[in-house]
Amino acid sequence: MFNVIMFGPPGSGKGTQSIMVAEKYGLSHISTGDLLRSEVKNGTELGLRVKSILESGELVPDELLIDIFKSAMEKHAGTKGFVFDGFPRTIPQVHDLDQAMAEAKSSISLVICLDVDDEEIISRLLKRAEIQGRKDDTEEVIRNRLSVYQEQTAPLIDFYKEQQKYVCVDGVGSIDDIFSLICGAINRLI
Ligand code: B4P
């Protein structure tokens, strides 16, 4: 299996690029943001618990996430590999993912971080707010999401650097140019 984590701050284009990577390489795409939004939309018990957390830009507690993450993985049993989009975001999630990978007799192959500055992120997400109306795309919540990223998610970079799995690509530019950089990093490994 080939398993890649798409990493980066909110709005860096993880979702956009993950879909393209999954399609090109025949991998299964798991976005924890999409999974959580779908729980909210369907009004499930979990959805009701996490709705206000998503809207505030905070992270959903690790223990609420692991079950939906594992069941999403199970739905793709027999896959050639995964693109993990927005997961892991905390150190406990790194360990949950390692355990899930070990159970699948596999491991993380590559972590690709999209490097985008804060002002570009704010402008992208405010533009998305006009189109999609996501409640977490107001300027105040975006700034909170950026500080949550710095505090809780950015520390994961050192962990994956130590494992020599971490690659950073310039996430500013055209979607196709960024995709080419990502494919270059993947093609060096497969
Ligand atoms: P996510 O759904 O993961 O959302 P995201 O970080 O905002 O977006 P992403 O980086 O995927 O950006 P996108 O491609 O959409 O998380 C939402 C929330 O869910 C979190 O705040 C948290 O509460 C919760 N959550 C999710 N995972 C969790 C976890 N593991 N633990 C705890 N909580 C969790 O791109 C953004 C915009 O930019 C789009 O409009 C796109 O069209 C545009 N864009 C993309 N590439 C571009 C480019 N090159 N140039 C210009 N615009 C571009």
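Counting starts at 1 for both ligands and their atoms, following the listed order. Everything quoted here is computed from the prediction, not taken from an experiment.
Considering backbone and side-chain atoms alike, Gly86 places an N or O below 3.5 Å from some N or O of ligand 1. Of the N or O atoms in Glu58, one or more lie within a sub-3.5 Å distance of an N or O in ligand 1. Considering backbone and side-chain N/O of Leu125, none are found under 3.5 Å from N/O of ligand 1.
Closest to atom 27 (N) of ligand 1 by heavy atom, among Thr16, Thr32, Thr153, is Thr32. Across the listed options Val60, Val141, Val148, Val60 owns the non-hydrogen atom lying nearest to atom 33 (N) of ligand 1. Selection from Gln152, Glu120, Gln93, Arg124 by nearest heavy atom to atom 48 (C) of ligand 1 gives Arg124.
For NZ of Lys70, the number of neighbouring non-hydrogen atoms (other residues, nucleotides, ligands) closer than 6.0 Å is greater than 12. For CD of Glu140, the number of neighbouring non-hydrogen atoms (other residues, nucleotides, ligands) closer than 6.0 Å is 12 at most.
Relative orientation of the Phe69 and Phe87 rings is parallel, given thresholds of 30° and 60° on the angle between their planes.
Contact of the Ile108 side chain with the Gln163 side chain is not registered, since no non-hydrogen atoms from C-beta on lie closer than 4.5 Å. The closest side-chain heavy-atom distance from Leu110 to Ile5 is not below 4.5 Å. No side-chain heavy atom of Ile112 sits under 4.5 Å from any side-chain heavy atom of Leu181. In this structure the side chain of Asp177 never reaches within 4.5 angstrom of the side chain of Asp170, judged on heavy atoms. Side-chain contact check for Thr32 versus Arg89: some heavy-atom pair is nearer than 4.5 Å. Counting heavy atoms from C-beta on, the side chains of Pro92 and Ile66 never come closer than 4.5 Å. Side-chain atoms of Leu146 and Ile122, non-hydrogen and from C-beta on, do get closer than 4.5 Å to each other. Within the 4.5 Å cutoff, no side-chain heavy atoms of Ile30 are placed close to those of Asp85.
Atoms of ligand 1 found under 4.0 Å from any heavy atom of Phe87 (numbered from 1 in listed order, with element): 30 (N). Counting atoms of ligand 1 from 1 in the listed order, those under 4.0 Å from a heavy atom of Leu65 are 29 (C), 30 (N), 31 (N). Residue-ligand proximity, Gly15 to ligand 1, at heavy-atom distances under 4.0 Å covers atoms 9 (P), 11 (O), 14 (O). Within ligand 1, counting atoms from 1 as listed, the ones closer than 4.0 Å to a heavy atom of Ser12 are 10 (O). The contact set between ligand 1 and Ile178, taken as ligand atoms under 4.0 Å from a residue heavy atom, comprises 49 (N).
For atom 21 (O) of ligand 1, the nearest protein heavy atom (residue, atom name, distance) is Arg145 NE, 3.9 Å. Protein heavy atom closest to atom 6 (O) of ligand 1, with residue, atom name and distance, is Lys14 NZ, 3.0 Å. Closest to atom 25 (N) of ligand 1, if we only count protein heavy atoms, is Leu36 CD1, 3.6 Å. Scanning the protein heavy atoms around atom 18 (C) of ligand 1, the nearest turns out to be Leu54 CD2, 3.9 Å. Atom 8 (O) of ligand 1 has Gly11 N, 3.5 Å as its closest protein atom, hydrogens excluded (heavy atom only). Protein heavy atom at the shortest distance from atom 4 (O) of ligand 1 is Arg134 NH2, 3.7 Å. Of all protein heavy atoms, the one closest to atom 16 (O) of ligand 1 is Arg89 NH2, 3.3 Å. The protein heavy atom nearest to atom 36 (C) of ligand 1 is Arg128 NH1, 3.5 Å.
Heavy atoms of Pro9 approach ligand 1 to within less than 4.0 angstrom. Distances shorter than 4.0 angstrom occur between a heavy atom of Arg37 and an atom of ligand 1. Heavy atoms of Gly173 approach ligand 1 to within less than 4.0 angstrom.
Residue pairs satisfying the side-chain hydrogen bond (donor to acceptor under 3.5 Å, both in side chains) criterion with at least one member in residues 120-130, sequence neighbours excluded, are listed as follows: Glu120-Arg124, Arg128-Asp137. Residues in residues 51-68 take part in these side-chain hydrogen bond (donor to acceptor under 3.5 Å, both in side chains) pairs, two or more places apart or across chains: Lys51-Glu55, Glu58-Asn144, Asp62-Thr90, Asp62-Gln93.
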